[in-house]
Amino acid sequence: MNIGLDVGSTTAKIVLLDKSKIIRSKVVSSHNWKELLDTNTDEHIIVSTGYFRRKVPHSAAITEITAASLGVRYYVPDAQVIVDIGGQDTKVIDLRNNRFMINDKCSAGTGAFLELAAHYFNIPIESLGKLHSRTQRSAQINNTCGVFAISEMISQLVAGYTIEEVIHGIHEAFAHRIAQMIPPTNQVVLIGGTVLNTGIVNSMETILDSTIVVPPEPQMINAIGAALYREIRSYSKS
Amino acid sequence: MTNTIGITALIPPELIYACGHRPLDVNNVVPESSLSPRSKLCAWTALWRDLILTGSLDIDSLVVVAGGDCHNALVDGQKVSLSGLPTHYFFYPFDTNTQYLHSQLKSLEGFLGGIKDHKMFKYIYRLKKKGLALEKQRVNDNARASDIFSALICFSDMQSDPYEFENLIDNIPDTDVEYSSRVAMIGVPPIYPDFHKVAEEFGLHIVYDELPYEFIRLGGNDLQGLAKSYKDYSFAGPIKSRIKIINHELQKRRVDGVIHYTQFACHHTLEDEIFRDYLDYPFLTVQGDLPGPTPEQLKLRLEAFSEMLEIMP
Ligand code: SF4
C-alpha cells in the first residue's frame with residue numbers, strides 16, 4: 001500500500017493506493033492536514049507533494065510537477081500536455097519531452113485571479129461556472145492583470161453587459177492567458193481545483209484546437225501521482 | 001601607469017594586461033551587491049552602472065561591450081560616460097568578420113595606450129590552459145561544478161591580478177562528485193551566487209556553463225590571433241553559430257538536460273524559443289532579476305527538473 005499526501009497552499013489531499021487501485025481519498029483544508037492521517041499511519045509508505053511537502057510526514061517528498069506527471073498517466077496513459085491550474089500558479093507540463101513552464105510571477109492565469117473576480121461580484125467562487133453557462137455572449141476583457149481586469153469589468157458592466165457575460169469574458173481572458181503557455185499539441189489534460197469550474201474548461205475548449213481531457217477528481221491527481229511514485233521509482237533508471 | 005579598466009562583458013583580458021593595465025569585470029561584483037537600482041531594465045547593467053556612479057567601484061575607465069552582446073549596456077554605459085569617466089565602446093561583429101573585429105581590437109588598443117608587454121599574451125594563454133584542465137576535471141566528475149564555476153567566471157578579468165589568480169586556481173580541490181543527472185547551463189550566468197550549489201543539492205551536476213567556457217576557450221597571442229578566435233564568441237555571434245557551438249559542447253559532455261538562464265528584461269530571453277526548437281534535450285528555462293540567494297520558486301523548478309530527468313522515461 002502507498003499513500004500520496006498533497007498539502008498545497010489551500011487544501012490537503014490524501015490518496016491510499018493498493019496495487020495501483022485507489023481505496024480511499026479525502027480533501028480537507030491545508031491547516032487540517034493532520035486529520036488525513038491515522039495516528040498509526042506508517043510514515044514509510046507516505047510520499048508527499050505540494051507546497052508543504054517537507055513539513056508533513058514522508059518517506060520521499062516530490063514536487064507537484066513530478067506528481068502531476070505521474071498522476072495524470074493514471075487516468076490518461078497517453079497524455080501529452082498537462083495544464084495544472086493552481087491557486088497561486090499555473091504549470092504546463094509537456095510529457096513528450098519532459099519540459100515544463102510555471103507561471104507564478106503574477107495572478108494572471110492562476111486561481112487567484114478568478115477569486116478576485118468572484119470577490120468583486122461578491123459571489124462564491126464555485127458559482128462562476130454556473131453563471132458562465134447561462135449565456136453564450138461574452139463581454140470582451142483584454143487584461144488578465146488582476147488590477148486592470150477589475151476596471152475593465154466595471155467598464156463592461158457600465159456598457160450594459162450582464163454579470164454572466166462579464167464572467168464569460170473573464171473566463172475567456174483567463175483561458176487565452178493560459179493558452180499562451182501551451183505548446184502545439186492535439187490533447188491537453190486539465191487538472192487542479194480550478195478545473196472544477198466548468199466555465200474555464202468551456203473557454204479552453206473554445207480557444208484551443210486540441211482535445212481537452214478533464215480526469216475524474218482533477219484536484220486529486222497530484223496526490224495520486226505521489227502515491228504512484230514509489231511504485232514507478234522501482235522501474236526508473238536509478 | 002597601471003590603470004584599472006572596467007569591462008562590462010567579455011573583452012580579451014590578455015590585451016588589457018598586455019597594454020599594462022588590469023581589467024575588472026564589473027559583472028563579477030554585481031551578485032554581491034545590495035543596491036536597489038534607481039531605474040532598471042536588466043539588473044546586471046543597472047547595478048554596475050549604479051556601483052560605478054556611486055563610486056563603489058574603483059576603476060579608471062570603462063570599456064562597454066555594446067554590440068553583439070548586450071544592448072542595455074550601450075545606454076547604461078553612456079550614463080556612466082556622462083558622469084565624466086573615460087569610456088570606450090566595443091562592438092563585436094554580428095557576422096563573425098575577423099577584419100572588423102581586428103579593427104575594433106586596434107581601436108581598443110589605442111584607448112588602452114598601446115601594447116607594452118607582449119609576454120602577457122603567453123602568460124594568459126597558459127592560465128587559460130589551466131582553466132581548460134579545470135573544465136575537464138568537472139566533466140570527468142572529479143570536481144564540484146560550484147567550485148569550477150567560481151573559478152571560470154573569473155577568467156574574464158583574472159580578478160585583476162593574474163599571479164594571485166593562478167594561485168587560486170591551482171588550489172581547487174579534486175573531489176569525486178555524485179549526482180543524478182548531468183546538465184548544461186546556457187545563457188548569461190545566473191545572478192544568484194549560490195545557484196550552482198543549489199543545483200548540486202538537487203543532484204544536478206552542471207558540466208557546462210556557456211559563457212564562462214567562452215572565457216577560457218577563446219584567446220590569442222596578438223591582435224590578429226585574438227580577432228580570429230574571439231570572432232567566434234558564442235554569445236555575440238549569430239544564433240545559428242551559437243547553436244552549433246552549444247550543440248557540440250552538449251554532445252561532448254553527454255548532458256541529460258539543458259537549463260537556459262535568462263535575465264529579466266534581457267533581449268536574450270527572446271532566444272529561448274529558438275533554443276527549445278534546436279536543442280533536442282529536456283529543457284528548463286529559469287529567469288532571475290535582482291541578486292540574492294536563489295529564490296524558492298526557482299528552487300522548485302530545479303528540483304522538479306532533476307526529478308523529471310531522473311524518473312521519466
Ligand atoms: S543579462 Fe542581457 S541585458 Fe543584462 S547585461 Fe547581460 S546581456 Fe545585457
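Each chain gets a letter, A, B and so on, in the order its sequence line appears, and its residues count up from 1.
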Notebook entry, point to check: B:Met308 and A:Ile65: which non-hydrogen atoms are nearest, and at how many Å?
Noted result: CE-CG2, 3.6 Å
Check: Does any non-hydrogen side-chain atom of B:Ile311 lie less than 4.5 Å from one of A:Thr66?
Finding: yes
Check: Taking the side chain as C-beta and beyond, is there a heavy-atom pair between B:Leu284 and A:Arg99 under 4.5 Å?
Finding: no
Next item on the list: Please state whether the side chain, the backbone, both or neither of A:Arg53 comes within less than 4.5 Å of a heavy atom of chain B.
Entry: side chain
Item checked: Part of A:Ala68 within contact of chain B (heavy atom distance under 4.5 Å) -> neither
Item checked: Residue from B:Thr285, B:Leu298, B:Leu300, B:Val286 passing side-chain contact (heavy atoms from CB on, under 4.5 Å) with A:Ile102 -> B:Leu300
Check: Pairs in or reaching into residues 185-195 of chain B: which pass side chain to side chain donor-acceptor pair (under 3.5 Å), with residues at least two apart or in two chains?
Finding: B:Asp194-B:Thr294
Might you confirm whether atom [atom1] of [X] has over 12 heavy atoms from other residues, nucleotides or ligands at distances under 6.0 Å?
{"X": "A:Asp209", "atom1": "CG", "value": "no"}
{"X": "A:Tyr51", "atom1": "OH", "value": "no"}
{"X": "A:His119", "atom1": "NE2", "value": "no"}
{"X": "A:Lys34", "atom1": "NZ", "value": "no"}
{"X": "B:Lys244", "atom1": "NZ", "value": "no"}
{"X": "B:Lys197", "atom1": "NZ", "value": "no"}
{"X": "B:Asp280", "atom1": "CG", "value": "no"}

Check: Distance from A:Asn98 atom CG to B:Phe283 atom CZ, nearest 0.5 Å?
Finding: 14.0 Å
Check: Between the side chains of A:Thr63 and B:Glu307, does any donor sit under 3.5 Å from an acceptor?
Finding: yes
Next item on the list: With side chain to side chain contact (heavy atoms under 4.5 Å, CB included) as the test, would you mind laying out the steps for B:Arg301 and A:Met101 before giving the verdict?
Entry: CA-CA 9 Å; B:Arg301 286 163 168 78; A:Met101 279 218 276; over 6 Å; no
Next item on the list: Heavy-atom distances under 4.5 Å only: say whether B:Phe264 touches chain A with side chain, backbone, both or neither.
Entry: neither
Item checked: Contacting moiety of B:Tyr281, where chain A heavy atoms sit under 4.5 Å -> backbone
Notebook entry, point to check: What residue, out of A:Glu64, A:Lys91, A:Arg54, has the most heavy-atom pairs lying under 4.5 Å from chain B?
Noted result: A:Arg54
